[in-house]
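Bear in mind that the values here come from a model prediction, so they are computed numbers and not experimental data. Both counts, for ligands and for their atoms, begin at 1 and track the order of listing.
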Amino acid sequence: MVKHTATSVVTIERYIIEQEKLHPEATGELSGILYDLALAAKMIANKVRSAGLADILGATDDINVQGEVQQKLDVIANEIIVKAVDHGGRLCAMASEEEPEIIQIPDNFRCGKYCLLFDPLDGSSNIDVNVPVGTIFSVVRKITRGARGEMEDMLQPGRRQVASGYVIYGSSTMLVYTTGQGAHGFTLDPSIGEFLLSHPNIRIPQMGRYLSVNDSYERLWDDNVRGLMRRYRGLDGERTPMSVRYVGSLVADFHRNLLGGGLFAYPANKKSPKGKLRLLYEANPLAFIVEQAGGAATNGGKRILDIEPADLHQRTPLYIGSKLDVEMATSMLANPVPEEQPLAAR
Ligand code: AHM
Ligand code: MG
C-alpha cells in the first residue's frame with residue numbers, strides 16, 4: 001500500500017485563491033498583487049543568495065563584469081518589486097522606503113484600485129556579513145477619486161490595510177502574509193521555485209521568551225523605558241526574565257518572536273525622539289501580521305494600527321510581539337516613572 005504523508009502540499013498560489021473565495025465580492029486584483037510580490041521575492045532571494053560573490057564576480061570600483069555600475073542590493077530589490085507590480089493594472093501608485101516621493105504607475109499602464117507601500121530590503125547593512133534581511137509590504141485601497149494614487153491614499157492608518165506581509169531571506173526564504181484572515185507562512189522550495197504552505201494560521205504565544213532591543217541606547221532612553229526593559233529582563237522581580245536576542249534586522253527579530261514568542265522594541269531615545277523605524281513600511285505591515293497572529297503592537301501610547309500618518313517616511317517608536325508583553329509596555333509607558341527633578345528645581 002502507498003503511504004501518504006499527513007500534510008498536503010499547497011502552493012502560495014492555490015492558497016491565495018482559496019482565501020479569495022472567502023470574499024465573494026473579490027475581483028482577484030489583490031490576489032494578483034500577492035502573486036506578483038511572491039515572484040519578486042523569489043527574484044530578490046536569488047540576488048541575496050549570491051550577494052557574497054559580488055566582489056569576486058564584479059570588478060573593483062563598483063563596476064561589474066558587464067562594465068555596468070554595480071547597484072547596491074537594496075536598490076536592486078527596489079527595482080525588482082517596482083517592475084514586478086507596475087504593469088498589472090491593479091495598483092494606482094507605490095511608495096518605497098528607498099524613494100523620497102510616491103512612485104507613479106507609468107503612463108502606458110492602467111491604474112488600479114490599490115496602493116503598495118514597501119521596504120524592499122530591510123536590514124540591508126547586514127548583507128555583507130551574511131545575516132538575514134527581509135522585504136516588508138503593505139497594501140491599502142485607494143480612497144481618492146482620480147485615476148492616480150495621491151498622498152492621501154498613502155497616508156491611511158494601518159487598520160485600513162487590506163493585506164501585508166514580509167519575506168525573510170534566511171537559512172530558507174519564507175513569505176508570511178495576511179489579508180485579515182490569520183497570518184500564514186510559506187517556505188520557498190528552491191528546487192521547484194515554489195512557496196509552499198509551511199506555517200498555516202500562525203499564533204504567537206501570549207508571553208514571550210525573547211526580548212529584542214538594542215540596549216546600547218540605554219543611556220539615551222527615558223527612565224520609564226529603562227524601567228520597562230529592566231522588567232522584561234526580570235531585574236525588578238516582577239516577571240520571569242526574558243532572554244535577549246537582537247539580530248539588528250527587524251524582519252529576522254520579528255519572525256523569531258512571532259514563531260517562538262517575544263517582544264521587539266525600538267524605543268524613542270534622546271537622539272531619535274521618534275524612534276528609527278518607519279510607520280508605513282515597517283511598523284504598520286508587521287503590526288497587521290502580529291495582530292492577526294494574536295499579538296499586539298504599540299508606540300508606547302497608541303496602537304500602531306490607529307496612528308494617523310502625516311508623512312510618507314514618518315518614524316515611530318515600536319513595541320511589537322506577544323500580547324501580554326506589549327501590554328506591559330503600554331501600562332508602564334503610559335505611567336512613566338517620574339523624571340528625577342534637577343536639584344535646582346526642587
Ligand atoms: P534600514 O531600514 O535602514 O535597514 O533600518 C532598519 C533596521 C532594522 O532592520 C533594525 O531593526 C534596525 O534598523 C536596527 O537599528 P539599530 O542598528 O539602531 O539597532
Ligand atoms: Mg527598513
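Judged purely by distance below 3.5 Å, without hydrogens or angles, the side chains of Glu152 and Thr144 never pair a donor atom with an acceptor atom. Looking only at atom types and distance, the side chain of Asn284 has no donor-acceptor partner in the side chain of Gln161 under 3.5 Å away. Between Thr27 and Glu29, the side chains place a donor N or O and an acceptor N or O closer than 3.5 Å (distance only, hydrogens not considered).
Of the candidates Lys276, Glu98, Glu97, Glu97 brings a heavy atom nearest to atom 2 (O) of ligand 1.
Under a 4.0 Å heavy-atom criterion, Arg278 is not in contact with ligand 1. The shortest heavy-atom distance from Tyr281 to ligand 1 is not under 4.0 Å.
Using a 4.0 Å cut-off between charged nitrogen and carboxylate oxygen, Arg233 and Asp215 count as a salt-bridge pair. By the 4.0 Å N-to-carboxylate-O rule, Lys323 lies too far from Glu291 to be salt-bridged with it.
Atoms of ligand 1 found under 4.0 Å from any heavy atom of Gly248, numbered from 1 in the order shown, are 9 (O), 10 (C), 14 (C). For ligand 1, the atoms lying closer than 4.0 Å to a non-hydrogen atom of Leu250 are 8 (C), 9 (O), 10 (C), 11 (O). In the vicinity of Ser249, heavy-atom distances shorter than 4.0 Å reach the ligand 1 atoms 9 (O). Near Ser124, meaning under 4.0 Å from one of its heavy atoms, ligand 1 places the atoms 4 (O).
The Mg ion (ligand 2) is the vertex of the angle joining OE1 of Glu97 and OE2 of Glu282, which measures 80° to the nearest 10°.
Classification of the Phe186-Tyr177 ring pair by plane angle, with boundaries at 30° and 60°, yields parallel.
In terms of heavy-atom proximity, Ser322 sits nearest to Pro205 at OG-O, 2.7 Å.
The Mg ion (ligand 2) sits nearest to atom OD2 when only the N, O or S atoms of Asp119 are considered. Closest approach between the Mg ion (ligand 2) and any N/O/S atom of Asp122 involves OD1.
Proximity of Asp253 to ligand 1, defined as any heavy-atom pair under 4.0 Å, is not found for any part of the residue. Residue Asn214 touches ligand 1 through its side chain alone, judged by heavy-atom distances below 4.0 Å.
Within a 6.0 Å sphere centred on NZ of Lys142, heavy atoms belonging to other residues, nucleotides or ligands number more than 12.
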